[in-house]
Amino acid sequence: MRSCLLGALISATAPSRAAPPPGGSPPAAAALRQQARIAFGGRRWADAEARFEAALAAPDAAGMTEVQLAEVLGYLGLSELEQGKHREAAEHLGESLDHDAVLKEALVRRFTSGFNKALEHVGRIYVAAAPPDAEVLLDGEPIGTGATVLELFVDPGTYTLRARLSGHGELSQRVELAAGATVGAALTLLPVVEAPPRAPEPSAKDIRPVAPAAAPAPGPWASWPGALRIAGIAVTTAAVSSGAVFMLRASVLDGDISERIDGLNRDPAWTSDACRESPQPSACPELHRLREQRDRSGVLGTALVATGAVVGAATAASFFIDSSFPRSKPATTALRVVPVTTAHQIGVMALGAW
């Protein structure tokens with residue numbers, strides 16, 4: 001079957017049969033795509049890779065249709081896979097499958113099979129960061145911002161993820177991935193609470209007796225829990241917003257899965273147990289991939305929203321339980337609820353006597 005497909009590919013793209021466009025030579029991107037397909041059909045993988053990449057970088061590459069772009073990315077990924085460049089192959093095949101709605105079913109199956117083979121040799125990281133304009137770095141190299149959930153393909157090993165934003169404290173996390181593993185990371189930055197500038201000490205000649213004045217009562221944000229309340233509000237907002245992004249992604253993937261299953265159910269040969277039988281139909285690997293992504297996004301989104309809810313509830317409770325903030329001295333018998341965050345867990349701690 002493969003030899004028939006390659007033969008059809010060569011005959012369809014051979015220069016002797018390709019009709020020149022009216023009015024002159026083809027655009028750079030079109031010519032490079034044609035040359036790359038000929039090299040791919042001849043199993044000259046390095047040549048095909050170089051020409052597909054040149055087509056993507058051509059001055060008129062923006063004029064490619066969505067179908068042409070998806071095919072170039074897919075064939076580029078297959079060329080890299082044949083050369084053992086698994087990380088690059090996973091990236092380009094994954095980008096191609098993002099446009100699977102416009103691809104022919106045979107190409108979707110072929111690109112999906114190549115994508116799954118590449119994933120067996122690389123690790124995958126999903127990164128969410130907040131606030132949305134926070135810059136995300138992998139081992140010191142910028143890879144994007146918190147505006148989107150980033151999907152990264154990396155070689156097996158240990159990596160350092162870092163998020164930074166002006167006016168916020170930096171946050172880093174080390175992740176270790178084996179081949180075929182997938183991990184998620186959520187980096188939420190907290191605003192830096194700057195201390196007020198210290199007033200210069202007066203000299204002896206500037207000291208003059210003054211009448212004692214009543215000290216103004218401190219507001220709720222000037223008391224000792226103020227910084228914790230600000231941090232609690234920031235953590236709640238960031239966690240809930242990040243969790244909502246993941247849950248939205250899970251909802252979109254669930255809709256895609258439902259549409260695919262509805263289409264498969266129209267086939268009389270398809271049954272609900274088809275993916276449990278051997279051999280499996282060609283649609284099963286893609287359904288499995290989509291379900292994994294949906295479940296992973298849903299779990300991470302739920303965890304972030306739940307964390308935000310716990311911290312938000314503790315922050316709100318501190319305004320009602322801690323009755324000492326209107327006074328100049330903290331009450332010794334008040335019950336206080338303090339948010340506590342460690343590297344492995346997050347929760348609240350109650351202090352006081354009751």
Side-chain angles (χ1 to χ4, degrees), residues 2 4-83 85 87-118 144 147-151 153 249 252-253 255-257 259-260 262-264 282-283 285-287 289-290 293:
R2 175 175 291 183
C4 295
L5 288 174
L6 290 176
L9 179 62
I10 295 171
S11 64
T13 58
S16 60
R17 299 187 182 183
S25 59
L32 289 167
R33 288 201 312 272
Q34 186 182 52
Q35 296 167 9
R37 293 285 292 273
I38 293 172
F40 185 92
R43 304 176 69 84
R44 302 194 306 273
W45 310 123
D47 188 18
E49 176 192 4
R51 294 182 185 276
F52 279 127
E53 288 182 339
L56 292 174
D60 59 338
M64 283 193 291
T65 66
E66 186 178 5
V67 176
Q68 291 170 339
L69 176 62
E71 290 181 351
V72 168
L73 289 169
Y75 282 115
L76 172 58
L78 293 180
S79 302
E80 292 164 334
L81 182 63
E82 292 289 348
Q83 300 175 78
K85 299 179 179 180
R87 181 182 61 80
E88 295 87 346
E91 289 178 355
H92 291 129
L93 287 166
E95 291 179 28
S96 175
L97 291 171
D98 287 339
H99 307 275
D100 57 358
V102 301
L103 290 171
K104 295 180 179 179
E105 184 178 354
L107 281 181
V108 172
R109 290 198 300 268
R110 189 174 187 183
F111 293 163
T112 299
S113 176
F115 180 71
N116 291 333
K117 289 179 182 178
T148 59
V149 178
L150 303 174
E151 183 181 33
F153 299 97
R249 175 180 172 84
V252 172
L253 289 171
D256 291 343
I257 293 171
E259 289 181 4
R260 291 178 181 272
D262 289 343
L264 292 170
S282 58
E286 177 64 9
L287 285 174
R289 181 180 73 87
L290 291 174
Q293 293 183 6

Going through the checks in order, is the side-chain contact (heavy atoms from CB on, under 4.5 Å) test met by D47 and R51? CA-CA 6 Å; D47 188 18; R51 294 182 185 276; 2.9 Å; yes
Check step by step if side-chain contact (heavy atoms from CB on, under 4.5 Å) holds for E80 and E91. CA-CA 10 Å; E80 292 164 334; E91 289 178 355; over 6 Å; no
Could you tell me the separation between the CG atom of D98 and the CD atom of E151, rounded to the nearest 0.5 Å? 7.5 Å
Any donor and acceptor pair, going by atom type alone, linking the side chain of E82 with main-chain N or O of L78 inside 3.5 Å? no
How many angstroms lie between atom CZ of F111 and atom CD of E71, to the nearest 0.5 angstrom? 6.5 Å
So how far is it from R37 CZ to F52 CZ, rounded to the nearest 0.5 Å? 6.5 Å
Could you pull out the closest heavy-atom pair between A36 and A48, with the gap in Å? O-CB, 3.8 Å
Less than 4.0 angstrom from a charged side-chain N to a carboxylate O is my criterion; do E49 and K85 meet it? yes
Worked check of side-chain contact (heavy atoms from CB on, under 4.5 Å) between T112 and D100: CA-CA 10 Å; T112 299; D100 57 358; over 6 Å; no
Of all heavy-atom pairs linking S79 and F40, the shortest is OG-CD1, 3.3 Å
Shortest non-hydrogen contact from A89 to G77? CB-O, 3.3 Å
To the closest 0.5 Å, what do you measure between CE (M64) and CG (L56)? 5.0 Å
Taken to the nearest 0.5 Å, the spacing of E53 CD from L73 CG works out to 10.5 Å
If you round to the nearest 0.5 Å, how far is CG of L103 from CZ of R110? 12.5 Å
At their closest point, which heavy atom of A28 faces which heavy atom of A58, and how far apart are they? CB-CB, 4.3 Å
Check the pair Y75 / H92 against side-chain contact (heavy atoms from CB on, under 4.5 Å), numbers first and verdict last. CA-CA 9 Å; Y75 282 115; H92 291 129; over 6 Å; no
Nearest heavy-atom neighbours spanning R289 and F115: CD-CE2, 3.3 Å
